[in-house]
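Convention: sequence-line order gives letters A, B, ...; per-chain numbering from 1.
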Amino acid sequence: MIVASFNINGIKARLPALVDWLKEASPDVAVLQEIKSVDEGFPREPIEDLGYNLETHGQKGFNGVAILSKSPMEDVTRGLPGDDTDEQARYIEATVNGLRICGLYLPNGNPVPGPKYDYKLAWMQRLQNRATQLLATEQPFLMAGDYNIIPQAEDAARPEVWTDDALYRLESRNAYRRLTNLGLTDALRATTRADKTYTFWDYQAGARQKNNGIRIDHFLLCPQTADRLQSCEIDAHVRDREKPSDHVPIKVTLDF
DNA sequence: ATGACACGTTCAACGTGA
């Protein structure tokens with residue numbers, strides 16, 4: 001079973017690129033971030049024509065997440081628990097073949113300090129609470145998406161420029177480490193020692209050509225799921241195609 | 001020191017992103 005995550009930066013602008021990649025990679029499940037569309041505006045047919053069931057959690061203009069699955073999805077829930085006043089569409093869950101899939105788009109958090117950073121840290125605490133709940137169920141699960149966190153210095157081409165940024169400052173990295181300290185496995189670091197491995201390159205200043213990237217899209221696996229991890233790959237070549245997203249897909253192969 | 005690039009909203013210019 002292949003599960004993938006892809007921040008597409010707008011479904012309307014990225015539909016051809018998404019369809020091309022789905023045909024090529026053919027993931028069984030894919031979580032998408034930044035669909036930037038309301039549910040009614042999502043172009044369902046091209047996705048469904050490829051054999052995918054589709055669940056969206058969108059909002060107007062910004063954010064928005066979705067899950068695609070070749071197999072039926074059960075118990076779909078929208079929104080991250082823990083704050084009934086949070087109206088940003090950043091989180092969706094569904095169960096596929098007994099595996100709980102959590103798709104997330106974690107807040108950017110800049111500028112620091114400020115309300116956006118406070119929201120990011122509070123959101124990460126809520127995510128930790130949700131992970132703790134799921135661990136207690138002993139049901140296999142994974143949390144995949146755009147975490148907007150550079151976990152360690154080796155996850156940025158130029159870590160020194162990110163020192164005070166919401167994606168990398170110590171307080172952010174500590175919050176991410178609290179997740180892994182619960183017993184969640186970062187799938188990429190569990191399967192490769194390759195360096196200069198990134199999932200995002202800025203559109204500006206030739207960042208892709210210089211491989212001036214950052215690794216901010218992650219798969220965190222619970223112990224039962226990590227035991228079945230076979231590989232984790234980043235489809236970096238997608239970044240060099242026509243009209244690309246600034247992120248590329250990351251995918252895991254699981255013995256499910 | 002600044003802007004650079006892209007997307008969505010909506011048609012001129014701004015908010016947001018990372």
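Side-chain contact of A/Ser69 with A/Asn53: a donor-acceptor pair under 3.5 Å is absent, judged by distance alone. The closest side-chain donor-acceptor pair between A/Tyr117 and A/Ser172 falls under 3.5 angstrom. Side-chain N/O atoms of A/Lys116 and A/Asn110 include no donor and acceptor closer than 3.5 Å. Residues A/Asp186 and A/Tyr147 bring no donor and acceptor atom of their side chains to less than 3.5 Å of each other.
The separation of B/dT16 from B/dA1, taken at their P atoms, amounts to 25 Å, rounded to a whole angstrom. With both ends at atom C1', the span from B/dC14 to B/dT10 equals 11 Å, rounded to whole Å. When the P atom is used for both B/dA12 and B/dT2, the distance is 29 Å, rounded to whole Å.
Nucleotides of DNA chain B with any atom under 4.0 Å from a heavy atom of chain A span, from 5' to 3', B/dA4 to B/dA18.
Remark on DNA chain B: of its neighbouring residues A/Asn110 and A/Tyr203, the 5'-side contact belongs to A/Tyr203, judged by nearest-heavy-atom nucleotide. In terms of position on DNA chain B, the residue among A/Tyr105 and A/Pro244 whose nearest nucleotide sits closer to the 5' end is A/Pro244.
Using a cut-off of 4.0 Å between Lys/Arg side-chain N and Asp/Glu carboxylate O, A/Arg189 and A/Asp155 are scored as salt-bridged.
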Which pairs of donor and acceptor atoms, one on a side chain in residues 227-234 of chain A, lie under 3.5 Å apart (sequence neighbours left out)?
{"residue": "A/Ser231", "atom": "OG", "partner": "A/Thr253", "partner atom": "OG1", "Å": "3.3"}

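Among the heavy atoms of the strands lying under 4.0 Å from A/Asn148 are primed sugar atoms or P, OP1, OP2 only; no base atom is included. If you check every strand for non-hydrogen atoms under 4.0 Å, A/Asp146 touches sugar and phosphate atoms only. Within 4.0 Å of A/Ala13, counting heavy atoms only, lie sugar-phosphate atoms of the nucleic acid but no base atom. Residue A/Asn108 is in base contact, counting any heavy-atom pair closer than 4.0 Å across all strands shown. Residue contacts for A/Tyr147: at a heavy-atom cut-off of 4.0 Å it reaches no nucleic acid atom on any strand shown.
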